A.B. asks: 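Submitted below is the structure of interest, expressed as structure tokens.
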Amino acid sequence: MSLASKDDLRLMSEIWYAKRAIFAWADAGRPIDLMVNLHNTETNEYMETNAIDGAAQARMQRFFQLLSARSSFDLSKPLAVVTTPATSTNALYAQKKVPVVLMEQRIARGTKLGRAATIEDRKAFGAELVRCMAEAAQPTP
């Protein structure tokens, strides 16, 4: 298992243990169809991935389109496939072929809502996020 250093365990134990669980799942031969690494940023909303295989990219593109159409997610640029080595959770693709998409969500006023998101908006977004992930992970009809 290729985990981060002991310093990483000490400084970011929640990330270290999450990565350890993901590695154990993948090493046991269990597939992960789509993983989202959700962050927030001030002014932009976007998604990027290191996954380069066609099936993973198709799932992510479906997810991107579904979330754009059904939620307050207000994308500032198309889904980006980044081929440079990742230092974020996107590195899980290179390490274990886990199709991870880094998703940055705006915390400032958004154009779809016309205002800053409320707690109720975020709860509605979370429910739609899960529905879109589930639908995107299903085989294409």
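The shown structure was predicted, so the numbers you read here are calculated from the model rather than taken from an experiment.
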A.B. asks: Which value, rounded to the nearest 0.5 Å, describes the distance between Arg20 atom CZ and Ser13 atom OG?
C.D. replies: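 Reported value, rounded in 0.5 Å steps: 12.0 Å.
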A.B. asks: Kindly say whether Gln105 contributes a backbone atom to a donor-acceptor pair with the side chain of Thr41 at under 3.5 angstrom?
C.D. replies: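 Not at all, since once roles are kept as given, no pair shorter than 3.5 Å links the two residues.
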A.B. asks: For Glu120, what residues pass the salt bridge (charged side-chain N to carboxylate O under 4.0 Å, His left out) criterion, not counting sequence neighbours?
C.D. replies: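 Here the qualifying residues are Lys123.
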A.B. asks: What closest approach, in Å, do Ser71 and Lys112 show between heavy atoms, and which atom pair accounts for it?
C.D. replies: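 Looking at all heavy atoms of both residues, the closest pair is O-NZ, 3.0 Å.
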A.B. asks: Could you tell me the separation between the OG1 atom of Thr83 and the CG atom of Asn50, rounded to the nearest 0.5 Å?
C.D. replies: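 Atom-to-atom, Thr83:OG1 and Asn50:CG are 8.0 Å apart.
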A.B. asks: Atom CD of Glu128 and atom CG of Leu66: how far apart are they, to the nearest 0.5 Å?
C.D. replies: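 Going from the CD atom of Glu128 to the CG atom of Leu66 covers 8.5 Å.
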A.B. asks: Apart from Val130 itself, what residues make up its hydrophobic cluster when side-chain heavy atoms of I, L, V, M, F, W and Y under 4.5 Å apart count as a link, directly or indirectly?
C.D. replies: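 Traced through the cluster, Val130 reaches no other member.
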A.B. asks: Shortest non-hydrogen contact from Arg106 to Thr43?
C.D. replies: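 Shortest heavy-atom contact: NE-O, 2.9 Å.
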A.B. asks: Under a single-linkage definition using a 4.5 Å side-chain heavy-atom cutoff for Ile, Leu, Val, Met, Phe, Trp and Tyr, are Leu102 and Ile22 assigned to the same hydrophobic cluster?
C.D. replies: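 No, no single cluster joins them.
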A.B. asks: In Å, rounded to the nearest 0.5 Å, how long is the span from CZ of Arg59 to CD of Gln138?
C.D. replies: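 Between Arg59 CZ and Gln138 CD, I get 11.0 Å after rounding to 0.5 Å.
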A.B. asks: Please report the closest heavy-atom contact between Ile32 and Trp25, naming both atoms and the distance.
C.D. replies: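 Where Ile32 meets Trp25 most closely, the heavy atoms are CG1-CD1, 3.5 Å.
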A.B. asks: Determine, for Asp53 against Lys97, whether the closest basic-nitrogen to carboxylate-oxygen distance falls under 4.0 angstrom.
C.D. replies: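 So Asp53 does not pair with Lys97 through a salt bridge.
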A.B. asks: Does Met103 sit in a hydrophobic cluster with other residues, and if so which ones, taking ILVMFWY side chains as linked at heavy-atom separations under 4.5 Å, directly or through other members?
C.D. replies: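 Reading the cluster by chain and number, Met103 sits alongside Leu34, Val36, Leu38, Met47, Met60, Phe63, Phe64, Leu67, Phe73, Leu75, Leu79, Val101, Phe125, Leu129, Met133.
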A.B. asks: Testing the basics here: between Asp121 and Ala116, what is the closest heavy-atom pair and its distance to 0.1 Å?
C.D. replies: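 It is OD2-O, 4.2 Å.
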A.B. asks: Heavy atoms only: give me the nearest Ala56-Pro99 pair and the separation to one decimal.
C.D. replies: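 Of all heavy-atom pairs spanning Ala56 and Pro99, the closest is CB-CB, 3.8 Å.
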A.B. asks: Do the side chains of Glu135 and Arg70 get close enough for a salt bridge, i.e. N-O under 4.0 angstrom?
C.D. replies: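 Looking at Arg70 together with Glu135, the answer is yes, because their closest N to O distance falls below 4.0 Å.
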A.B. asks: Give, for atom CZ of Arg109 and atom CG of Asp74, the distance between the pair rounded to the nearest 0.5 Å.
C.D. replies: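 Arg109 atom CZ to Asp74 atom CG measures 11.5 Å (nearest 0.5 Å).
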A.B. asks: What's the spacing between Glu104 CD and Asn44 CG if we round to 0.5 Å?
C.D. replies: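 Between Glu104 CD and Asn44 CG, I get 9.0 Å after rounding to 0.5 Å.
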A.B. asks: For Ser76 and Tyr46, work out which heavy atoms get closest and say how close.
C.D. replies: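 Closest approach of Ser76 to Tyr46, heavy atoms only: OG-CB, 4.3 Å.
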